[in-house]
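Keep in mind that what you see is a predicted model, and the values were worked out from it rather than measured. When a ligand or atom number is given, it counts from 1 through the structure's own listing order.
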Amino acid sequence: MDVRNCKSCGKMFNFNGGEPFCDSCKKKLEEKFQQVKEYVRENPGANMNTIAEENEVSIAQIKRWVREERLVFSSDSPIGLECEKCGATIQTGRFCEKCKTGMHKRLDSAYEKKPSSSLDDVQLKSNGPARMRFLDR
Ligand SMILES: [Zn+2]
Ligand SMILES: [Zn+2]
């Protein structure tokens, strides 16, 4: 028997594969997932912070569900996950369609978009060189 400490509450529990959480935390997490799923369905316009706050769940956890493709945001949702390869905005999973289908021709444009929201804000506010370059033909 494999006894471990629950990653969430620290309690000792009998580990038998899967996620390193005790039964009660696993159950709580599953309930949380259903709650978040429901919330996202009813509030398609909610962003990541709002979902996290309203459901008292960490953004990291929400992202984990999305990466597992359990949680899917609608295409008009403001939520942007980053493709792990190019940083493009995606709705679910780990990679954008382009990377999924193996179209890497325009890698140069990927470098323009840094996967950081704070940087995006700066670019939107200023008319800096990074923004100008998008206008080049
Ligand atoms: Zn626990
Ligand atoms: Zn990509």
> What do the steps show when you test Glu31 against Lys28 for salt bridge (Lys or Arg N to Asp or Glu O under 4.0 Å), and what is the final call?
Replying inline: CA-CA 5 Å; Glu31 280 167 8; Lys28 258 187 264 173; over 6 Å; no
>> Apply side-chain contact (heavy atoms from CB on, under 4.5 Å) to residues Glu84 and Arg67 and explain how you reach the verdict.
In response: CA-CA 10 Å; Glu84 287 187 6; Arg67 297 254 185 251; 3.3 Å; yes
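Rounding to 10 degrees, one finds that the Zn ion (ligand 2) sits at the corner of an angle of 110° between Cys83 SG and Cys86 SG. Rounded to 10°, the angle formed at the Zn ion (ligand 2) by Cys96 SG and Cys99 SG is 100°. Here Cys25 contributes SG and Cys9 contributes SG, and at the Zn ion (ligand 1) these two atoms make an angle of 110°, given to 10°. Angle SG (Cys6) to the Zn ion (ligand 1) to SG (Cys22): 120°, rounded to 10°.
Distance alone, capped at 3.5 Å, is enough to place a donor-acceptor pair between the Thr92 side chain and the Leu71 backbone.
Between Glu19 and Lys26 the shortest heavy-atom distance is O-CE, 3.8 Å.
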